[in-house]
Amino acid sequence: MKILVSNDDGVYAEGLWALANELRKIATVTVVAPDRDQSGVGTSVTLRHPLRMIKIKSPLDEIAAYSVEGSPADSVILALRLIMKDGVDLVVSGINEGPNLGDDVYISGTVGAALQGFFYGIPSIALSVAGFGSLHFGVAAKLAKLIAKEIIEQGLTQRILLNVNLPNLPQDKLEGVEITRLGERTYADRIEPGHDGKRQYHWILRGKSEWKMVPGTDIWALQQNKISVTPLFGNPDGVNRDFLKNLAPSLFRKLVNDMES
Ligand code: MN
């Protein structure tokens, strides 16, 4: 099995390597990711500049790693069209530092990377932990491995894009897995002006989220200390629907077993 790992926090982010370290237990992993933090660039693809990419020294010996001077989506396109020409079974983007919930998925670079995999017809997963600073990446990485195994074992080749968010909790504090839909929040961006000595500038600062707590949404699941798995872009077809229906109950049991072993 061949897995492409990318992200939007940059190729040296801790979450990316926690993920790669776990996925290498079940697959050949290749890392292709932006050279710096590209959080919030969404689905952006660079079409008006050339892209530079270098092979970097990988922190994990058997994993080839490339750094791209571009967006998360750029990184995945270069990986699929240039580096991994023999084919990719799965694209996993993350583990992002911070949640990617509700309407925010449209500006998420983590989702933007996974979306390219989806466009190319490869099962794809975006993975985020809803916290900042000290994060439980280990639980998220194990979960990614288990979902990857399910997708491969079931021979799932239909277009599927899963947006997975975990509460930032140790495994024994988690209450389960929910298949969800995107939640809604109010937007209250603030503009903070400043001056650089020559010209005025503006910072867009994201306002405090006020979420609508609707049962069945991703934000609601996290509020219940549950892992949220949201299928993105359209209604899943029959095969994917069955896959998702069976995924939730067994996934959590397997996660608990895996963490204890
Ligand atoms: Mn990010």
Side-chain angles (χ1 to χ4, degrees), residues 3-23 29-46 51 53 56 59 65-79 90-118 124-141 143-144 147 161-169 182-183 185 187 189 203-209 211 218-219 221-222 227-230 232-233:
I3 299 181
L4 167 64
V5 169
S6 192
N7 75 349
D8 76 353
D9 291 340
V11 72
Y12 295 107
E14 187 190 345
L16 178 143
W17 289 102
L19 176 62
N21 188 37
E22 198 62 32
L23 291 176
V29 173
T30 304
V31 168
V32 187
D35 64 349
R36 69 198 77 178
D37 188 356
Q38 292 274 4
S39 296
V41 305
T43 60
S44 159
V45 176
T46 304
L51 290 170
M53 176 174 67
I56 61 167
Y66 299 81
S67 165
V68 175
E69 202 180 335
S71 70
D74 294 335
S75 303
V76 171
I77 294 169
L78 284 176
L90 185 72
V91 175
V92 189
S93 175
I95 305 164
N96 189 59
E97 180 177 350
N100 279 304
L101 298 166
D103 303 333
D104 281 347
V105 299
Y106 296 103
I107 67 157
S108 163
T110 307
V111 174
L115 185 64
Q116 289 300 325
F118 173 77
S124 298
I125 304 167
L127 198 66
S128 307
V129 174
F132 294 95
S134 175
L135 297 182
H136 294 278
F137 285 132
V139 188
L143 182 78
I147 298 175
L161 173 54
L162 300 179
N163 185 42
V164 180
N165 281 269
L166 294 93
N168 186 30
L169 293 170
L182 295 177
R185 73 162 165 117
Y187 278 78
D189 297 323
W203 272 112
I204 295 179
L205 301 174
R206 312 240 62 205
K208 201 170 164 353
S209 309
W211 290 94
D218 49 7
I219 182 67
L222 261 68
I227 296 163
S228 165
V229 177
T230 315
L232 292 181
F233 301 103

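Each residue takes its place number in the sequence, starting with 1. Remember, it's 1-based here, ligands and their atoms both numbered in the order they're listed. FYI, side chains are in, hydrogens and waters are out, and symmetry mates aren't considered; it's all heavy atoms of this structure.
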Flag Asp8 as yes if one of its N/O/S atoms falls below 2.8 Å of the Mn ion (ligand 1), otherwise no.
yes
If you have a sec, read the angle at the Mn ion (ligand 1) from Ser39 atom OG over to Asn96 atom OD1, to 10 degrees.
170°
Does any part of the side chain of Leu4, heavy atoms only, come nearer than 4.5 Å to the side chain of Val76, both counted from C-beta?
yes
Interatomic spacing from CG in Asp104 to CG in Asn165 - rounded to 0.5 Å
10.0 Å
For Asp9, what is the atom name of its N, O or S atom nearest to the Mn ion (ligand 1)?
OD1
Rounded at 0.5 Å granularity, tell me how far OH in Tyr66 sits from OG1 in Thr30.
7.0 Å
To the nearest 0.5 Å, atom CH2 of Trp17 lies from atom CD1 of Ile95 at 13.0 Å
Any N/O/S atom of Asp37 sitting less than 2.8 Å from the Mn ion (ligand 1), backbone or side chain?
no
Is any N, O or S atom of Thr110 under 2.8 Å away from the Mn ion (ligand 1)?
no
Under 2.8 Å from the Mn ion (ligand 1), is there any N, O or S atom belonging to Asn100?
no
Is there a side-chain contact between Asp8 and Val41, using heavy atoms and a 4.5 Å cut-off?
no
